[in-house]
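FYI, side chains are in, hydrogens and waters are out, and symmetry mates aren't considered; it's all heavy atoms of this structure. For ligands, and for the atoms within them, numbers begin at 1 and follow the listed sequence.
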Amino acid sequence: MAKKLLFGTNLKMYKTVEETVQYLKKLELVKRSLNDFAFELFVIPSYTALYSASRCIDQNVISLGAQNMCWADEGQFTGEISPVMLKELGISIVMSGHSERRHILHDTEDEIHKKVKAALNHGFTSLLCVGETAGEKECRIAKEALRRQIKTAYYDIGWEFIPQIRVAYEPVWSIGVNGIPAGEAYANEMHYEIKSCLTELFGNEAENIPVMYGGSVNIENCEKLILQQYIDGLFVGRSAWDAKKFGKLIQKATNFYRIREKKEK
Ligand code: PGA
């Protein structure tokens, strides 16, 4: 199966409803102008913007996702949003385990597992974020940390869900304004580890699970990252929040991906 290159952005707690709508409309034009390039694009806005977002663009051009979700369909979970409610909005992706959810909002591995399972059971594409902390890297247990996050999230989940599964590798120390982008060789090594772990869990079909890199991706480092054999896409934060600039990044990365494809043939 020919793999499509993936690009996505998580808007975190940035952009109001109006700003999100304006951004998406511009990004839709950008995506259409890059028609020659085969890639998939998704945006994950804040909850409050999701309803308007789902109505202002064609989701065949840009897919939309939610940043988090409760595992239960309904119940006594004040402040939470259920899979049924997200289904109503017509969005297709649910992200779980983003570093800020794990480390600032204290989502546990058990909760992340329940969220991933609920997302898959409800037919969403589940985007699982994994990444080691600076301390885990320092102690040389980055690979163990990644394996643990993957194995706990996908515990008890069958291979039939493979087409709905995506993973983003985002080392905690690389994310945000104080983040240091991972070197491309290091990122590739961790992607290989993630893919090996997914194969152990799901068998050879796991090679169809795309693994994206995220954490301080920018116009300068996108080409080196996308040239790496095990990197299937880029999950971009700050460098994606201006639609035009994101378009330039995508165009550059896509051009370099073509070079990589030729080499791999
Ligand atoms: P950043 O964010 O690109 O701004 O570092 C990445 C992310 O959190 O997904």
Side-chain angles (χ1 to χ4, degrees), residues 5-15 19-20 23-24 27 39-47 49-50 53 62-69 91 93-107 112 115-116 119 125-134 136-137 142 145-146 149-150 153 165-184 186-187 190-191 194 210-226 228 231-253:
L5 189 55
L6 275 176
F7 293 94
T9 184
N10 161 25
L11 300 183
K12 308 192 182 188
M13 202 176 72
Y14 291 99
K15 294 197 192 288
E19 286 164 352
T20 305
Y23 170 75
L24 283 170
L27 195 61
F39 68 92
E40 228 179 283
L41 179 61
F42 65 88
V43 175
I44 309 189
S46 70
Y47 273 137
L50 272 181
I62 301 174
S63 336
L64 293 171
Q67 297 178 12
N68 181 34
M69 183 190 81
I91 62 154
I93 303 168
V94 174
M95 175 165 70
S96 310
H98 187 275
S99 144
E100 288 148 19
R101 295 251 16 132
R102 289 182 195 262
H103 301 288
I104 303 173
L105 296 148
H106 307 296
D107 277 11
I112 293 166
K115 291 176 185 194
V116 167
T125 294
S126 160
L127 174 64
L128 174 72
C129 301
V130 296
E132 80 282 9
T133 62
E136 286 163 340
K137 181 172 183 265
L146 295 176
Q149 290 172 21
I150 292 166
I165 295 177
R166 289 175 187 177
V167 177
Y169 168 58
E170 300 201 293
V172 179
W173 44 270
S174 76
I175 295 174
V177 276
N178 298 318
I180 305 156
E184 64 278 9
Y186 181 85
M190 296 303 137
H191 276 239
I194 290 168
V211 183
M212 312 172 76
Y213 171 80
S216 294
V217 174
N218 58 43
I219 190 83
E220 274 85 41
N221 62 20
C222 67
E223 73 182 61
K224 285 189 182 148
L225 289 162
I226 213 61
Q228 303 307 306
I231 297 183
D232 306 316
L234 300 174
F235 194 31
V236 191
R238 288 155 295 151
S239 300
W241 298 340
D242 175 293
K244 261 197 183 160
K245 286 186 185 157
F246 193 20
K248 288 210 172 103
L249 188 156
I250 292 172
Q251 190 166 9
K252 187 174 178 192

Audit row: V43, L11, side chain to side chain contact (heavy atoms under 4.5 Å, CB included) steps and yes/no: CA-CA 7 Å; V43 175; L11 300 183; 4.0 Å; yes
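Smallest separation of non-hydrogen atoms from S216 and I180: OG-N, 4.5 Å. Looking at every heavy atom in both residues, G65 comes nearest to I91 through C-CD1, 3.9 Å.
In terms of N/O distances under 3.5 Å, ligand 1 is not approached by F235. Residue E100 has no N or O atom closer than 3.5 Å to an N or O atom of ligand 1. Checked against a 3.5 angstrom limit, the closest N/O atoms of H98 and ligand 1 fall inside it.
R102 and E170 are not joined by a salt bridge, as no carboxylate oxygen comes within less than 4.0 angstrom of a charged side-chain nitrogen.
Within the listing of ligand 1, atoms 2 (O), 7 (C), 8 (O) sit less than 4.0 angstrom from a heavy atom of K12. Residue G176 has at least one heavy-atom neighbour below 4.0 Å for each of these atoms of ligand 1: 1 (P), 5 (O).
By the neighbour-count criterion of 12 heavy atoms within 6.0 Å, atom NZ of K245 is sparsely surrounded, having that number or fewer from other residues, nucleotides or ligands.
A ring-centre distance under 6.0 Å is found for F235 and F42.
Heavy atoms of S216 approach ligand 1 to within less than 4.0 angstrom.
Regarding atom 3 (O) of ligand 1, its nearest protein heavy-atom neighbour is G237 N, 2.9 Å. Closest to atom 6 (C) of ligand 1, if we only count protein heavy atoms, is E170 OE2, 3.6 Å. Closest to atom 4 (O) of ligand 1 among all protein heavy atoms lies R238 NE, 2.6 Å.
Rounded to the nearest 0.5 angstrom, E184 CD and Y213 OH are separated by 10.5 Å.
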